*Asks:* 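Below: one structure in structure tokens.
Every value quoted in this text rests on a predicted model; they were computed, and no experiment measured them.
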Amino acid sequence: QVQLVESGGGLVQAGGSLRLSCASSGRTFNNYIIAWFRQAPGKEREFAAAISRRGAVTDYSDSVKGRFTISRDNAKNTVYLQMNSLNPDDTVVYYCAATGGSTWYVTTEYYDYWGQGTQVTVSS
């Protein structure tokens with residue numbers, strides 16, 4: 001069982017930065033690929049970024065590439081999402097998710113565990 005808890009959301013001005021954290025209480029955290037998804041009101045949850053088990057490989061959606069950086073510290077059972085150059089379109093709820101599969105996926109159904117989400121609001 002893996003429990004995921006996101007933190008670090010909040011209110012920021014356009015052009016600003018935030019760092020989200022996804023902490024796990026499980027002892028087998030490094031057995032999981034971790035992804036960040038985001039969801040705007042009334043819209044489907046969409047893939048933002050993913051990181052391999054040891055952190056060597058990452059992937060990003062076109063909407064965040066070049067602005068967001070995903071990283072992980074397995075000793076701390078935590079994955080981070082550094083978000084720079086934020087704009088009002090980034091005003092969504094961010095979720096982290098874990099999969100024990102061999103790769104990551106950009107759709108939600110392949111993920112085994114989810115956090116409760118953290119709200120990010122970017123003011124113009």
Side-chain angles (χ1 to χ4, degrees):
Q1 186 75 11
V2 174
Q3 292 184 326
L4 303 174
V5 178
E6 302 96 335
S7 62
L11 175 64
V12 64
Q13 288 188 331
S17 300
L18 280 176
R19 189 177 79 159
L20 305 183
S21 298
C22 172
S24 171
S25 59
R27 294 187 295 174
T28 58
F29 182 70
N30 58 1
N31 287 345
Y32 292 88
I33 291 169
I34 305 296
W36 285 95
F37 283 76
R38 56 188 205 163
Q39 187 171 24
K43 295 189 176 180
E44 292 187 354
R45 201 166 292 187
E46 65 174 15
F47 173 82
I51 190 165
S52 61
R53 289 175 174 82
R54 296 186 179 182
V57 183
T58 58
D59 190 27
Y60 300 92
S61 68
D62 288 343
S63 61
V64 308
K65 191 176 296 182
R67 300 187 299 124
F68 292 10
T69 302
I70 188 171
S71 61
R72 69 189 295 165
D73 185 341
N74 286 339
K76 296 183 178 180
N77 282 4
T78 302
V79 168
Y80 304 98
L81 187 68
Q82 177 66 44
M83 306 186 297
N84 299 328
S85 301
L86 288 163
N87 61 65
D89 290 339
D90 298 315
T91 297
V92 294
V93 178
Y94 288 78
Y95 298 88
C96 65
T99 176
S102 59
T103 186
W104 56 80
Y105 303 92
V106 298
T107 53
T108 60
E109 65 267 30
Y110 296 101
Y111 290 84
D112 306 302
Y113 304 100
W114 290 86
Q116 83 290 348
T118 185
Q119 175 73 48
V120 170
T121 302
V122 183
S123 63
S124 57

*Asks:* Kindly determine whether R67 and N87 satisfy side chain to side chain contact (heavy atoms under 4.5 Å, CB included), including the steps that lead there.
*Replies:* CA-CA 10 Å; R67 300 187 299 124; N87 61 65; 3.5 Å; yes

*Asks:* For P88 versus A14, what's the shortest heavy-atom pair and its separation?
*Replies:* CD-CB, 4.3 Å

*Asks:* Could you state the interatomic distance from CD (Q116) to CG (L4), rounded to the nearest 0.5 Å?
*Replies:* 9.0 Å

*Asks:* Once rounded to the nearest 0.5 Å, what's the spacing between atom CG of L11 and atom CD of Q119?
*Replies:* 10.0 Å

*Asks:* T91 and V122: which non-hydrogen atoms are nearest, and at how many Å?
*Replies:* OG1-N, 2.8 Å

*Asks:* Please give me the minimum heavy-atom distance between S21 and T78, naming the atom from each residue.
*Replies:* CB-CG2, 4.2 Å

*Asks:* If I compare all heavy atoms of S52 with all of W104, which pair ends up nearest, and what's the gap?
*Replies:* N-CZ3, 4.0 Å

*Asks:* When rounded to the nearest 0.5 angstrom, what distance separates CD1 in I33 from OG in S102?
*Replies:* 6.5 Å

*Asks:* Quick one: do V93 and V5 end up in the same hydrophobic cluster if we chain Ile, Leu, Val, Met, Phe, Trp and Tyr together by side-chain heavy atoms under 4.5 Å apart?
*Replies:* no

*Asks:* Keeping T99 on the side-chain end and Y110 on the backbone end, is there a donor-acceptor pair under 3.5 Å?
*Replies:* yes

*Asks:* Would a single hydrophobic cluster contain both I70 and V2, if residues Ile, Leu, Val, Met, Phe, Trp and Tyr are joined by side-chain heavy-atom contacts under 4.5 Å?
*Replies:* yes

*Asks:* Write out all pairs satisfying disulfide (SG to SG under 2.5 Å) with one or both partners inside residues 32-68, taking only residues at least two apart or from two chains.
*Replies:* none

*Asks:* Rounded to the nearest 0.5 Å, how far does CZ of R53 lie from CG of N31?
*Replies:* 7.0 Å

*Asks:* Answer whether the closest heavy-atom distance between the side chains of W114 and R45 falls below 4.5 Å.
*Replies:* yes

*Asks:* Same cluster for V79 and Y113 if Ile/Leu/Val/Met/Phe/Trp/Tyr side chains link at under 4.5 Å?
*Replies:* yes

*Asks:* So does Q3 have more than 12 non-hydrogen atoms from other groups sitting under 6.0 Å from CD?
*Replies:* no

*Asks:* For residues M83 and V12, determine if any side-chain heavy atom of one lies less than 4.5 Å from a side-chain heavy atom of the other.
*Replies:* no

*Asks:* To the nearest 0.5 angstrom, please state how far the CG atom of D89 sits from the CZ atom of R38.
*Replies:* 8.0 Å

*Asks:* Go through the steps to decide whether T69 and Y60 satisfy the test side chain to side chain contact (heavy atoms under 4.5 Å, CB included), and finish with yes or no.
*Replies:* CA-CA 8 Å; T69 302; Y60 300 92; 3.8 Å; yes

*Asks:* Is any side-chain heavy atom of Y94 closer than 4.5 Å to a side-chain heavy atom of E6?
*Replies:* no

*Asks:* Look at the side chain of D90 and the backbone N and O of V120, then say whether any donor-acceptor pair between them is shorter than 3.5 Å.
*Replies:* no

*Asks:* To the nearest 0.5 Å, what is the distance between CD1 (I34) and CD1 (I51)?
*Replies:* 9.0 Å

*Asks:* Restricting to pairs with a member in residues 78-117, which pass disulfide (SG to SG under 2.5 Å), not counting sequence neighbours?
*Replies:* C22-C96

*Asks:* Within a radius of less than 6.0 Å around NZ of K65, do more than 12 heavy atoms belonging to other residues, nucleotides or ligands occur?
*Replies:* yes

*Asks:* Is any side-chain heavy atom of L18 closer than 4.5 Å to one of F68?
*Replies:* no

*Asks:* Listing request: all disulfide (SG to SG under 2.5 Å) pairs with a residue in residues 41-93, at least two apart in sequence or in separate chains.
*Replies:* none

*Asks:* Got V64 and L81 here, is their nearest side-chain heavy-atom distance under 4.5 Å?
*Replies:* no

*Asks:* Do V106 and Y32 sit in one hydrophobic cluster, given that two such residues count as connected whenever their side-chain heavy atoms are within less than 4.5 Å of each other, even indirectly?
*Replies:* no

*Asks:* Answer with yes or no whether the hydrophobic clustering places L86 together with F37; edges join I, L, V, M, F, W, Y residues whose side-chain heavy atoms lie under 4.5 Å apart.
*Replies:* no

*Asks:* Nearest heavy-atom pair of A35 and F47: which atoms, and what distance?
*Replies:* CB-CE1, 4.3 Å

*Asks:* With a distance cut-off below 6.0 Å to the six-membered ring centre and an angular limit of 45° from the axis, does R72 pair with F29 as a cation-pi contact?
*Replies:* yes

